[in-house]
Number of protein chains: 2
Amino acid sequence: MNSPAAVIRKGRKFDQVLASARALFMQHGFEGIGVDEIARRAGVSKATLYAYFPDKRHLFIEVARAECMIQAAQLEAGIDLEKPVPEVLGIVGRGFMEIVLSEFGRNMFRVCISEGERFPELGRQFYESGPGVMRERMMHFLELGVARGELEIDDFGLAADQFPELCKAGVFLRLVTGIQTEFTQGEIDHVVDGAVETFMARFGAHG
Amino acid sequence: MNSPAAVIRKGRKFDQVLASARALFMQHGFEGIGVDEIARRAGVSKATLYAYFPDKRHLFIEVARAECMIQAAQLEAGIDLEKPVPEVLGIVGRGFMEIVLSEFGRNMFRVCISEGERFPELGRQFYESGPGVMRERMMHFLELGVARGELEIDDFGLAADQFPELCKAGVFLRLVTGIQTEFTQGEIDHVVDGAVETFMARFGAHG
DNA sequence: CGGAAACTGAACCGGGCAGTTTATATTCGA
DNA sequence: TCGAATATAAACTGCCCGGTTCAGTTTCCG
């Protein structure tokens with residue numbers, strides 16, 4: 001009723017906990033780190049931690065949501081809508097791949113999938129604060145492109161889904177299966193450029 | 001030396017174990033089922049199970065590899081290389097999505113990702129007996145299409161990577177995050193058809 | 001038939017880890 | 001300064017589950 005924006009945050013060490021959780025989750029993933037460790041690194045007792053968060057999962061959600069929004073914002077920051085479509089797509093694609101290939105991206109994904117069944121809230125939260133917003137922005141941008149006569153699109157949802165998928169072509173699968181764990185900038189560029197080309201071949205105005 | 005094709009198979013109940021493991025792993029995933037349960041359903045003692053397989057993971061690998069080869073074979077069976085490229089792509093795409101959306105596909109993926117770090121062999125095994133062979137076949141088919149003058153492709157690897165990725169556009173992500181768990185045939189068809197269109201727009205001969 | 005190999009069952013080990021408790025100490029605001 | 005809110009340390013509970021052991025039983029084959 002009174003305290004502004006304070007539903008869960010009641011103690012002075014809240015931020016330390018969150019920071020520690022962020023660091024450790026990002027580095028080791030959800031399963032890879034124990035609550036004891038998080039508390040220890042936060043310089044906080046386990047009991048205190050559990051005074052803030054009902055359980056490990058909700059702690060993770062908090063971290064994940066914050067991180068997603070940061071990443072999404074960064075991705076969006078580098079976009080100049082005035083530039084020609086292919087150029088923007090290239091920038092977005094590279095930014096997107098950076099996230100996907102990052103420690104955070106991999107871990108986020110891992111958790112969503114491995115915990116997804118028992119913990120549906122997590123996947124939903126992730127989608128809506130990460131890929132979901134990107135999709136919205138992408139659709140908006142594509143509409144702009146159509147309005148400018150650079151694109152011709154009938155199904156914006158499909159187009160907005162296809163582009164990031166094209167950017168991951170091959171890379172993502174090889175990453176998660178461990179076939180290949182490191183990718184050079186050259187490799188990324190090649191795939192992203194290929195994605196832009198394919199996308200423009202389909203949706204570019206007048207063949 | 002003597003017994004034909006018997007490296008691991010030494011007892012008469014081997015098949016029962018494998019069958020039970022297959023059924024339960026497919027239904028509940030790797031983490032979702034215990035060794036006790038597998039043994040029980042196989043009508044076999046745990047000790048016997050461990051006489052066949054060194055550990056749970058290798059049991060899973062055995063199941064997974066077999067299943068992958070079955071799926072890959074089925075996928076390949078429905079292909080008539082004589083038909084025009086777009087038609088073949090449509091068939092392959094639909095078959096591919098069937099696998100991806102199946103209980104097996106989801107679980108296979110889940111395990112690869114959640115266990116991948118601690119158990120690299122699994123991911124590799126999966127890739128090589130599933131997506132890897134599909135990629136090979138796809139490249140071969142694309143070369144055929146080029147030879148017939150239906151396609152124009154510079155980087156066959158990239159093209160072979162892009163197509164399945166396009167087929168999953170949006171669907172896969174919504175699946176694993178639990179945003180959407182059921183897909184109608186109409187939805188699938190729409191995405192796959194969109195994938196074929198985009199693919200042909202880029203790689204179809206003479207624009 | 002007789003012995004070796006395969007199988008059983010059920011207890012047992014052990015490590016990991018989330019979450020709780022409790023008795024005590026610190027902080028901070030009124 | 002006093003008491004309520006907050007924090008602490010560390011032990012403790014409880015669960016899960018993979019893997020082992022072993023003494024005794026069944027199967028199979030020569």
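To find a chain, count down the sequence lines: A is the first, B the second, and so on, and within it residues start at 1.
With dT8(C), dC28(D), dA7(D) as the choices, the nucleotide that has an atom nearest any side-chain atom of T48(A) turns out to be dA7(D). In this structure, the nucleotide among dT8(D), dC7(C), dG19(D) sitting nearest to the side chain of S45(A) is dT8(D). With distances taken from any side-chain atom of A47(B) to the nucleotides dC28(D), dG18(D), dG9(C), the minimum falls on dG9(C). Residue Y50(B) has its side chain nearest to dT20(D) when only dA18(C), dT20(D), dA7(D) are considered. Nearest to the side-chain atoms of Y52(A) among the listed nucleotides dA7(D), dG19(D), dT21(C) stands dA7(D).
Note on L59(A): nothing from the nucleic acid sits closer than 4.0 angstrom, heavy atoms only.
Ion pairing between a basic and an acidic side chain is recognised when a charged N comes within 4.0 Å of a carboxylate O; E121(B) and R124(B) show no such pairing.
For K46(A) against dG19(C), a side-chain N or O and a base N or O form a donor-acceptor pair under 3.5 Å.
Per the geometry, CG belonging to D36(B) stands 14 Å off C1' belonging to dC13(C), to the nearest Å. What separates CZ of R12(B) from C1' of dC29(D) is a distance of 12 Å, to the nearest Å. The NZ atom of K56(B) sits 16 Å away from the C1' atom of dG15(C) (whole-angstrom rounding). Taking atom CD on Q16(A) and atom P on dT6(D), their separation rounds to 16 Å, with Å as the unit. Atom CD of E37(B) is separated from atom P of dC16(D) by 13 Å (rounded to the nearest Å). Following rounding to the nearest Å, H28(B) (NE2) and dC17(D) (C1') show an atom-to-atom distance of 16 Å. We find that CD1 of I38(B) is positioned 11 Å from P of dG19(D), with the value rounded to whole Å. Between L49(A) atom CG and dC17(C) atom C1' the separation is 14 Å, expressed in whole Å.
F172(A) and F109(A) have their aromatic ring centers within a separation under 6.0 angstrom. A ring-centre distance under 6.0 Å is not found for F156(B) and F141(B).
Between K13(B) and dT27(D), a side-chain N or O to OP1/OP2 separation shorter than 4.0 Å is absent.
For the 3.5 Å distance criterion, the side chains of S20(B) and R41(B) fail to qualify, holding no donor opposite an acceptor. No side-chain donor from either of D193(B) and H190(B) sits under 3.5 Å from a side-chain acceptor of the other.
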